[in-house]
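Only a predicted model underlies this, so the values are computations on that prediction, with no experimental measurement involved. Both backbone and side-chain heavy atoms feed into the values below; hydrogens, waters and symmetry mates do not.
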Amino acid sequence: MKDVTLVLQDGTTFQGKSFGYEADVAGEVVFNTAMMGYPESLTDPSYAGQMLVMTYPLVGNYGVPPFTVEANGLATFMESDRIYAKALIVADYSAQYSHWNACESLGEWLQREHVPGVTGIGTRRLTKLLREHGVMMGRLVFGETRNEELEMRNVQAYDAVNWVERVSCKDIIRYNEGAGRKVVLVDCGVKQNIIRCLIRRGVEVIRVPWNYDYTAMDFDGLFLANGPGDPDRCVEAVDILKKQMSVSRKPICGICMGNQLLGKAAGASIYKLKYGHRSHNQPVREVGTNRCYVTSQNHGYAVDTATLDRDWRELFVNMNDGSNEGIRHQTNPWFSSQFHPEACSGPVDTEFMFDRFIETL
């Protein structure tokens with residue numbers, strides 16, 4: 001395995017060994033504290049532009065499932081059609097794997113998809129650094145580094161890119177046609193389990209690009225999907241959403257990026273979290289109750305609820321840092337969650353959010 005160096009924006013370096021594809025790559029370095037779920041995380045479009053650090057020390061021991069597609073066109077075991085993360089960084093990679101559904105090793109999959117993988121990195125030290133400093137840009141350099149400043153000089157800032165535009169579908173895609181009630185799903189980088197959860201509840205899903213004007217379409221409800229990057233770059237999506245809200249009371253539900261877009265349409269501003277929420281164990285409380293849920297999350301931005309219009313209220317709050325985890329309109333059937341009710345991977349405690357949405361159609 002080749003030597004590889006992780007160079008961070010502040011000049012800190014980490015030495016490791018390659019077990020994936022061997023090519024220099026740059027991206028925002030973020031960490032995830034989940035103990036499992038790397039096939040789902042790597043194929044989650046919300047990780048586009050980011051290098052994923054797994055804090056759980058042993059990764060790869062259960063291999064990778066086959067990439068198969070269901071009759072409805074969705075991947076059976078993945079969250080999209082390919083790996084979206086720029087790279088995977090782990091402490092200890094297991095080349096030997098054992099699982100009833102595995103068909104190849106994690107390293108083989110990364111090599112086939114041209115995604116670097118690095119092992120032997122001190123992920124505890126790296127995570128503590130990211131928690132103290134905040135997420136930052138980084139670069140993987142194979143072989144000898146020339147100097148840290150030179151390696152980072154031409155790295156484009158993560159926030160400078162409209163990642164939603166890069167990962168969204170380009171054409172309208174329909175699922176479960178003729179099922180009855182129709183849901184327009186705005187694809188900002190949708191995880192396929194969101195589509196599965198909607199299909200299982202007997203609706204037709206009309207998946208449209210992030211900036212598609214759906215306001216004149218025939219549908220019963222609107223669903224705003226997750227996605228990567230800075231929501232402030234999705235001006236077109238917010239303008240179309242505002243237009244829809246001004247002419248119709250049709251139900252609206254959002255997840256993750258969808259929560260932030262709904263928040264912006266509701267007059268709120270967005271801010272970037274210091275190191276984000278990426279895990280399977282984020283506790284949230286439903287506002288006005290004592291009900292708490294353990295949730296799966298993957299986001300780096302949050303809604304500033306103090307800037308919401310007066311017709312809106314906070315729906316969920318994070319019990320760790322008090323940040324927003326969902327909003328709702330006081331009279332119209334419009335609500336959202338910052339966490340992932342569909343999980344995959346992670347706890348499914350909050351899948352009732354889909355039931356609440358279906359009940360409003």
Quick one about Glu325 and Gln282 (side-chain donor to acceptor, distance below 3.5 Å, no hydrogens or angles considered), yes or no? no

Is the distance between the ring centroids of Phe335 and Phe316 under 6.0 Å? no

Checking side-chain polar atoms at under 3.5 Å, does Ser323 have a donor or acceptor matched by the opposite partner on Asn318? no

Does the separation of the ring centres of Phe77 and Phe67 fall below 6.0 angstrom? no

Linked, directly or transitively: Val135 and Met257 (ILVMFWY side chains, under 4.5 Å): no

Measuring from atom OG1 of Thr13 to atom CG of Leu6, what distance do you get when rounded to the nearest 0.5 angstrom? 8.5 Å

For Asp355, all residues meeting salt bridge (Lys or Arg N to Asp or Glu O under 4.0 Å), sequence neighbours excluded: Arg201

How close do Asp309 and Gly267 get, counting heavy atoms only, and between which atoms? OD1-CA, 4.0 Å

Following the transitive rule for hydrophobic clusters with a side-chain heavy-atom cut-off under 4.5 Å over Ile, Leu, Val, Met, Phe, Trp and Tyr, establish whether Val53 and Leu140 coincide in one cluster. yes

Quick one about His280 and Ser345 (side-chain donor to acceptor, distance below 3.5 Å, no hydrogens or angles considered), yes or no? yes

Would you call Lys274-Asp321 a salt bridge at under 4.0 Å N-O? no

Closest contact, heavy atoms only, Ala34 versus Asn32: N-OD1, 2.7 Å

Report the distance from atom CE of Met245 to atom CG of Leu241, rounding to the nearest 0.5 Å. 5.5 Å

Under a 4.0 Å threshold between the charged nitrogen and the carboxylate oxygen, would Lys243 count as salt-bridged to Asp213? yes

Co-membership, hydrophobic cluster, residues Tyr47 and Val190, 4.5 Å side-chain: no

If the threshold is 4.0 Å, N to carboxylate O, is there a salt bridge linking Lys191 and Glu342? yes

Same hydrophobic cluster for Tyr214 and Ile173, using side-chain heavy-atom links shorter than 4.5 Å among ILVMFWY? no

Give a yes or no on whether a salt bridge exists between Glu28 and Lys272, defined as a side-chain N under 4.0 angstrom from a carboxylate O. yes

Which distance, rounded to the nearest 0.5 Å, do you find between the NZ of Lys250 and the OG1 of Thr360? 12.5 Å

Would the distance check show the side chain of His329 and the main-chain N or O of Thr331 forming a donor-acceptor pair, the cut-off being under 3.5 Å? yes

Distance-only donor-acceptor check, side chains Glu314 and Asn324, under 3.5 Å: yes

Kindly work out whether a path of hydrophobic side-chain contacts (I/L/V/M/F/W/Y, heavy atoms less than 4.5 Å apart) joins Met36 to Val30. yes

Distance check, rounded to the nearest 0.5 Å: Asn176 atom CG versus Ile206 atom CD1? 11.0 Å

Taking Arg196's backbone N and O only, do any of them form a donor-acceptor pair with Asn193's side chain (distance below 3.5 Å, no angle check)? no

So that I can tick it off, tell me whether Asp232 and Lys264 are bridged by a salt bridge, with the cut-off set at under 4.0 angstrom between side-chain N and carboxylate O. yes

Between Ser94 and Asn61, a side-chain donor and acceptor under 3.5 Å: no

Listed by chain and number, what are the ring-ring contact (aromatic ring centres under 6.0 Å, His included) partners of Tyr38, not counting sequence neighbours? Tyr62

Euclidean distance, Gln192 CD relative to Leu74 CG, rounded to 0.5 Å: 5.0 Å

Is Arg207 paired with Asp187 through a side-chain N to carboxylate O contact shorter than 4.0 Å? yes

Under 3.5 Å side-chain donor-acceptor pair for Asp44 and Asn298: yes

When clusters are formed from ILVMFWY side-chain contacts under 4.5 Å, directly or step by step, what else is grouped with Val167? Tyr84

Any idea how Trp163 and Tyr158 line up, ring-wise: parallel (<30°), tilted (30 to 60°), or perpendicular (>60°)? parallel

